[in-house]
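Following: one structure in structure tokens, then a few remarks.
On a predicted model such as this, the values are computed, not experimentally measured, just so you know. Computed over heavy atoms, backbone and side chain alike; hydrogens, waters and symmetry mates excluded.
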Amino acid sequence: MTRAYGVKGRKRKPAEPKYDRDEDQQFNQEEEQPQPKRQAQEQQEQPTENNEELAGIPIAPSELNTDKPNVIFILERASLEVAKVGKTYQLLNSDEHGHFLRKNNKNPGDYRPDITHQALLSILDSPLNKAGRLRAVYIKTEKGVLIEVKPHVRIPRTFKRFAGVMLELLQKLSISAAGKREKLLRTIKNPVTQYLPLNCRKIGLSYSSDKLVTMSDYVSTVPNNTDLVFVVGAMAHGKIETDYTEDYIAISGYPLSAAYCIARICNAIEDKWKIL
């Protein structure tokens, strides 16, 4: 009986460290495997962020095209307002904060930051911008805050992420590029006219204007050495009223969204300047 027990003991003893080694190897492999994956993800994410900052345009478009006219867009009456909803600060919008807005005697229909988001995507995605002919974008909020947007910023594609960026901007007053000191979005002092070039034509767009024009015909009359400034409303309803525009035009007999209005402007200028 003793011998049998001893034999069984000897068989179990060498088996135990073998099992432990296998278990340790599995544990080590499980710990080691995610590390290269995380490194690969970090390596993939890093260039993605850098590419998003300067995607599709020259690094210094103003220096490459100093002898050519540029375009500036001003989005007036943008609905970008921050408020404390519950325990957190949020960018107000009609979809998520209808009850909060009505409780505070505000019209939910006036809170449409998605209009600004769509307008920015239309401007920054245009071949006009990618060719380096967009000089700047300025946003004037309903509260009077003036925001500068650099042409080479990559605005988030989804509204939720865009709202997060705007919330951070309005709280911190600027947002810098990843790993750089360059400020891609920042709040600046009014009035916007101090940032406009001297030799420029400032054009306001409004459906209520009596001057109905074809956009391509209108821009063809502008001298080739003149910078163009287009003022577009970024609100759900109403009209823009500014004292710095030289001309007010309507480019359709029907009300247009800000994004579609901007698309028509960009297409006409791209045809004029032979940007394909």
Side-chain angles (χ1 to χ4, degrees), residues 45 48-49 52-53 55 73-125 136-192 195 206-207 231-242 255-263:
E45 289 174 358
T48 300
E49 292 176 354
E52 285 182 354
E53 292 162 13
F73 281 97
I74 302 174
L75 302 178
E76 282 278 352
R77 295 188 58 188
S79 175
L80 298 173
E81 184 176 337
V82 175
K84 190 173 183 179
V85 182
K87 296 182 179 181
T88 61
Y89 285 93
Q90 300 178 29
L91 185 72
L92 296 176
N93 69 82
S94 58
D95 289 337
E96 298 180 12
H97 308 110
H99 177 71
F100 173 84
L101 292 168
R102 284 188 289 269
K103 186 178 179 181
N104 288 274
N105 298 320
K106 296 181 179 181
N107 181 13
D110 294 334
Y111 292 81
R112 294 284 308 280
D114 58 294
I115 296 176
T116 303
H117 181 217
Q118 295 168 5
L120 284 175
L121 289 177
S122 184
I123 296 170
L124 299 176
D125 284 350
V137 181
Y138 298 101
I139 304 172
K140 184 75 173 291
T141 72
E142 284 278 17
K143 295 292 185 179
V145 179
L146 185 61
I147 301 169
E148 180 189 27
V149 181
K150 292 294 180 67
H152 51 275
V153 65
R154 187 69 179 268
I155 293 295
R157 315 302 295 183
T158 63
F159 174 72
K160 187 174 182 179
R161 289 186 61 199
F162 169 78
V165 170
M166 291 296 107
L167 176 63
E168 182 181 354
L169 170 65
L170 294 171
Q171 288 180 324
K172 297 183 178 180
L173 306 183
S174 68
I175 295 179
S176 301
K180 301 179 182 179
R181 294 184 178 179
E182 180 186 8
K183 294 180 179 179
L184 300 179
L185 299 100
R186 60 172 182 163
T187 58
I188 55 179
K189 293 182 179 180
N190 284 291
V192 68
Y195 308 104
S206 176
Y207 166 68
V231 185
V232 181
M235 64 286 186
H237 49 78
K239 64 178 182 179
I240 55 175
E241 296 179 357
T242 59
L256 301 178
S257 66
Y260 189 77
C261 180
I262 289 166

How many angstroms lie between CD1 in I123 and CD in Q118, if you round to the nearest 0.5 Å? 12.0 Å
According to the ring pair (Phe, Tyr, Trp, His ring centres under 6.0 Å) rule, which pairs have a member within residues 76-96, sequence neighbours left out? none
Heavy-atom side-chain contact between F73 and V149 under 4.5 Å: no
Rounded to the nearest 0.5 Å, what separates atom CG in L169 from atom CG in L91? 10.0 Å
Sorted by chain and number, sequence neighbours left out, side chain to side chain contact (heavy atoms under 4.5 Å, CB included) with A236 holds for R112, I115
Residues at least two apart in sequence or cross-chain that pass side chain to side chain contact (heavy atoms under 4.5 Å, CB included) with L173, listed by chain then number, are T187
Applying ring pair (Phe, Tyr, Trp, His ring centres under 6.0 Å) to Y207 and not counting sequence neighbours gives none
For the residue pair I262 and V232, establish whether any side-chain heavy-atom pair is separated by less than 4.5 Å. yes
Set of ring pair (Phe, Tyr, Trp, His ring centres under 6.0 Å) partners for F100, sequence neighbours left out: none
Less than 4.5 Å apart, any side-chain heavy atom of L80 and any of I147? yes
Nearest heavy atoms of L121 and P156, plus distance in Å: CD2-O, 4.2 Å
Decide yes or no for L120 and V137: does some side-chain heavy atom of the first lie under 4.5 Å from some side-chain heavy atom of the second? yes
Taking the six-membered ring for Trp, are F162 and H117 parallel (under 30°), tilted (30 to 60°) or perpendicular (over 60°)? parallel
Pairs meeting criterion salt bridge (charged side-chain N to carboxylate O under 4.0 Å, His left out) with involvement of residues 166-176, two or more places apart: E168-K172
How many angstroms lie between CG in N93 and OG in S79, if you round to the nearest 0.5 Å? 8.5 Å
Taken in chain and number order and not counting sequence neighbours, the residues that satisfy side chain to side chain contact (heavy atoms under 4.5 Å, CB included) with P108 are S94, L101, R102
Heavy-atom distance under 4.5 Å between the side chains of I240 and M235, does that happen here? yes
What's the separation between atom CG in L124 and atom NZ in K150, rounded to the nearest 0.5 Å? 13.0 Å
Those residues at least two apart in sequence (or on a different chain) that pass side-chain hydrogen bond (donor to acceptor under 3.5 Å, both in side chains) with D110 are H237
From S206 atom OG to K239 atom NZ, the distance as rounded to the nearest 0.5 Å: 6.5 Å
For V85 and L92: C-alpha separation, side-chain torsions, deciding distance, then whether side chain to side chain contact (heavy atoms under 4.5 Å, CB included) applies. CA-CA 9 Å; V85 182; L92 296 176; 4.0 Å; yes
Between A258 and G233, the two heavy atoms sitting closest are CB-O, 3.5 Å
Run the side-chain hydrogen bond (donor to acceptor under 3.5 Å, both in side chains) test against H99 and tell me which residues pass, sequence neighbours left out. none
Could you pull out all residues at least two apart from N190 that satisfy side chain to side chain contact (heavy atoms under 4.5 Å, CB included)? K140, L146
Among pairs that include at least one residue of residues 73-99, which meet salt bridge (charged side-chain N to carboxylate O under 4.0 Å, His left out), considering only residues two or more places apart or in two chains? R77-E142, E81-K106
Residues at least two apart in sequence or cross-chain that pass side-chain hydrogen bond (donor to acceptor under 3.5 Å, both in side chains) with T88, listed by chain then number, are Q90
OG (S176) and CG (L184) are apart, to the nearest 0.5 Å, by 7.0 Å
So do F159 and P113 actually touch side chain to side chain, heavy atoms under 4.5 Å? yes
